[in-house]
Amino acid sequence: PFELRDISGKSQWYILTAYKIDDDSANGIHYIGKLINVQQDMEQKLSIQEKADRDALTGLYNRNGFKKSFSSLLNEWSEKSQIAVAVLDFDNFKKVNDTLGHTGGDVALKKLALTIQNLMPSKSICARYGGDEFIMVMRGAGEKEVLKKIQDWEKTLETLKKEIDFPVSVSVGYEFG
């Protein structure tokens, strides 16, 4: 399949099948073919792929989606670019599940994921990497920006503690370059 865009930028997906018609005369080369609009099939395929790359609970990328997005980012990366990676891990999350139940734990994970996503700059990659582990990649961020994000997360974590009525904490590690 290939994609064509009209003047407004709207895209449509097509498959082109063409056959060469041999002509013994000197009239040139002739082809016959058909163009099939496969927009609906491509939308369905892309939707399935998007679902496969997303965590069902939080809507963030899952491990597989993260690996694809990060690989794509590295392919675009140059020596002049800065990227920062931060990893957040809910401390003692088992206690949250044991005390609030799995439904309460799910609510806490969703709220943490939403907080992370809302505080990230555009074009960042956010993922739920494991059960209670999150990873974020920020483009164009150095140590100052990363430390500011960590402070922002700490502030919003205080709000999250009040919302779920449970003393939660998060460990954060980061690297930039």
Side-chain angles (χ1 to χ4, degrees), residues 9-11 13 39-77 81-177:
K10 184 180 175 193
S11 67
W13 287 90
Q39 182 68 25
Q40 200 170 24
D41 293 342
M42 285 302 293
E43 287 174 356
Q44 188 176 36
K45 181 180 176 182
L46 293 171
S47 174
I48 290 169
Q49 186 59 53
E50 179 70 15
K51 287 177 184 174
D53 290 342
R54 295 282 176 176
D55 176 63
L57 179 66
T58 63
L60 298 177
Y61 282 118
N62 57 25
R63 184 183 301 244
N64 189 51
F66 171 77
K67 287 178 181 178
K68 288 179 185 178
S69 295
F70 190 62
S71 177
S72 177
L73 176 107
L74 289 178
N75 288 335
E76 299 168 9
W77 185 74
S81 320
Q82 280 192 314
I83 58 172
V85 178
V87 178
L88 277 78
D89 183 27
F90 244 128
D91 295 327
N92 302 312
F93 189 71
K94 184 176 179 332
K95 287 183 184 177
V96 175
N97 276 337
D98 290 347
T99 306
L100 302 177
H102 288 284
T103 302
D106 287 352
V107 168
L109 284 172
K110 286 180 194 177
K111 288 182 184 245
L112 181 62
L114 185 61
T115 297
I116 291 168
Q117 195 169 26
N118 288 340
L119 291 174
M120 294 299 292
S122 64
K123 296 188 178 181
S124 296
I125 301 170
C126 302
R128 181 177 175 204
Y129 204 70
D132 61 353
E133 298 168 344
F134 296 85
I135 188 166
M136 288 75 55
V137 178
M138 295 167 269
R139 299 174 192 207
E143 185 173 22
K144 184 177 177 182
E145 292 87 359
V146 173
L147 292 175
K148 172 73 171 103
K149 285 295 167 206
I150 291 171
Q151 288 174 343
D152 292 344
W153 291 327
E154 288 172 345
K155 287 177 191 173
T156 55
L157 185 59
E158 291 303 316
T159 304
L160 179 62
K161 286 179 188 180
K162 292 174 188 168
E163 286 179 16
I164 65 170
D165 194 28
F166 196 82
V168 294
S169 62
V170 176
S171 295
V172 180
Y174 69 93
E175 185 62 47
F176 59 93

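Hydrogens, waters and symmetry mates play no part in the numbers below; they use all other heavy atoms, side chains included. This structure is a prediction, so every number in the text was calculated from the model and none was measured. The residues of the chain are indexed from 1 along the displayed sequence.
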Spacing of [atom1] belonging to [X] relative to [atom2] belonging to [Y], to within rounding of 0.5 Å:
{"X": "K111", "Y": "T156", "atom1": "NZ", "atom2": "OG1", "result": "12.0 Å"}
{"X": "W153", "Y": "T115", "atom1": "CH2", "atom2": "OG1", "result": "11.0 Å"}
{"X": "Y174", "Y": "L147", "atom1": "OH", "atom2": "CG", "result": "4.0 Å"}
{"X": "K68", "Y": "D53", "atom1": "NZ", "atom2": "CG", "result": "3.5 Å"}
{"X": "K148", "Y": "L119", "atom1": "NZ", "atom2": "CG", "result": "8.5 Å"}
{"X": "L60", "Y": "L114", "atom1": "CG", "atom2": "CG", "result": "9.0 Å"}

Any non-hydrogen side-chain atom of [X] less than 4.5 Å from a side-chain atom of [Y]?
{"X": "Y129", "Y": "V87", "value": "no"}
{"X": "M138", "Y": "E145", "value": "no"}
{"X": "M120", "Y": "Q117", "value": "no"}
{"X": "I83", "Y": "L74", "value": "yes"}

### Query
Taking 4.0 angstrom as the limit, do K110 and D106 come out as a salt bridge?
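No salt bridge links K110 with D106.
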Closest approach of [X] to [Y] (non-hydrogen atoms, all atoms of both residues):
{"X": "G105", "Y": "N97", "value": "CA-OD1, 3.3 Å"}
{"X": "A141", "Y": "A84", "value": "O-CB, 3.8 Å"}
{"X": "A52", "Y": "N62", "value": "O-ND2, 2.8 Å"}
{"X": "I116", "Y": "C126", "value": "CG2-SG, 4.2 Å"}

### Task
Using the side-chain contact (heavy atoms from CB on, under 4.5 Å) rule, take R63 and K67 through it: C-alpha gap first, then chi angles, then the decisive distance, then the call.
CA-CA 6 Å; R63 184 183 301 244; K67 287 178 181 178; 3.9 Å; yes
### Task
Answer with yes or no whether the side chains of Q39 and E43 bring together a donor and an acceptor at under 3.5 Å.
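Result is yes, a qualifying pair exists.
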### Message
I'd like to know if the side chain of S171 pairs up with that of D91 as donor and acceptor (distance under 3.5 Å, no hydrogens or angles considered).
### Response
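Yes, a side-chain donor-acceptor pair sits under 3.5 Å.
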### Neighbour count above 12 (heavy atom, 6.0 Å) for K51 NZ
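Counting neighbours around NZ of K51, 12 or fewer heavy atoms of other residues, nucleotides or ligands fall under 6.0 Å, so no.
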### The single option from K95, K94, H102 passing side-chain hydrogen bond (donor to acceptor under 3.5 Å, both in side chains) against D98
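So the option named by the test is K94.
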### Task
Say whether, by atom type as modelled, one donor and one acceptor occur between the side chain of R139 and the main chain of K123 under 3.5 angstrom.
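Side chain of R139 to backbone of K123: a pair is present.
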### Query
Is D55 reaching over with its side chain to a backbone N or O of A127, donor-acceptor style, under 3.5 angstrom?
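Side chain of D55 to backbone of A127, a donor-acceptor pair under 3.5 Å: no, none is there.
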#### Entry: Among I125, L88, V146, the one residue meeting side-chain contact (heavy atoms from CB on, under 4.5 Å) with M136
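That would be L88; it is the only one of I125, L88, V146 passing the side-chain contact (heavy atoms from CB on, under 4.5 Å) with M136.
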### Task
Report the C-alpha distance between V172 and E154 in whole Å, list the side-chain angles of each, state the deciding distance to 0.1 Å, and finish with yes or no for side-chain contact (heavy atoms from CB on, under 4.5 Å).
CA-CA 10 Å; V172 180; E154 288 172 345; over 6 Å; no
### Query
Aromatic rings F90 and F93: how do their planes relate, parallel, tilted or perpendicular, breaks at 30° and 60°?
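Taking F93 first and then F90, their aromatic rings sit tilted (interplane angle of 30° to 60°).
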### Query
Within 45° of the ring axis of Y61 and under 6.0 Å from its six-membered ring centre, is that where the NZ or CZ of R54 lies?
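Judged by the rule (NZ or CZ under 6.0 Å from the ring centre, within 45° of its axis), R54 counts as positioned above Y61.
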